[in-house]
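Structure record follows, encoded as structure tokens.
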Amino acid sequence: MKKRKKRRSKTEGGDKLPFDAEMGKNQKAIKVLQRLFDAGYGTEKEIVNMTMDEMLALPGVNVANLCIISELQKSIKANKVISYLSGNTEAKEEMKGADYGGTT
């Protein structure tokens, strides 16, 4: 019989880490990003230039995935990918007010 290691809880030995609360949401974005990589979209330019038809052609895509891809495209355009993946709310507020059209 194998001896199982005791799992250390997130709060054992100290406070909860700041990224623990957002980890579930961020994991979905990471999975969608991996799905894009697997489908051959490996650069920011390719992801930003995806059409809705291309998004819908991805295997197993659902509405939640489309929302994540859309937010990822906005993050890429605003140069805030890391902020988006980290769940930084300050970056989200900046993105909501930003103009995603052409350059001025």
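Counting begins at 1 with the first residue of the sequence.
Shown here are the side-chain contact (heavy atoms from CB on, under 4.5 Å) partners of D53, two or more places apart in sequence or in another chain: T51. Legend: residues meeting side-chain contact (heavy atoms from CB on, under 4.5 Å) with L56, ordered by chain and number and at least two apart, are M52, L66.
The closest donor-acceptor contact from the side chain of R35 to the backbone of N65 lies at 3.5 Å or more, if one exists at all.
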Discussion item. Checking I68 against Y84 for the side-chain contact (heavy atoms from CB on, under 4.5 Å) test, could you report, in this order, the C-alpha distance in whole Å, the side-chain angles of both residues, the deciding distance, and whether it holds?
Written reply: CA-CA 10 Å; I68 290 171; Y84 170 70; 3.6 Å; yes
Practice prompt. Verify side-chain contact (heavy atoms from CB on, under 4.5 Å) between I47 and L36, making sure each step is shown before the conclusion.
Written response: CA-CA 8 Å; I47 293 171; L36 291 174; 4.2 Å; yes
Practice prompt. Could you walk me through whether K77 and V48 pass the side-chain contact (heavy atoms from CB on, under 4.5 Å) test, one step at a time?
Written response: CA-CA 7 Å; K77 289 177 185 177; V48 167; 3.6 Å; yes
Discussion item. Applying side-chain contact (heavy atoms from CB on, under 4.5 Å) to M50 and L58, what does each step give before you reach the verdict?
Written reply: CA-CA 11 Å; M50 284 181 75; L58 293 171; 4.1 Å; yes
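Taking both residues in full, the closest heavy atoms of F37 and Y41 are given as CD2-O, 3.3 Å, listed atom of the first, atom of the second, then distance.
Residues D38 and Q34 have side chains in contact (heavy-atom distance under 4.5 Å, counting atoms from C-beta outward).
Heavy-atom neighbours of Q73 CD from other residues, nucleotides or ligands within 6.0 Å: above the threshold of 12.
Atom CD in Q27 sits 10.5 Å away from atom CG in L85 (nearest 0.5 Å).
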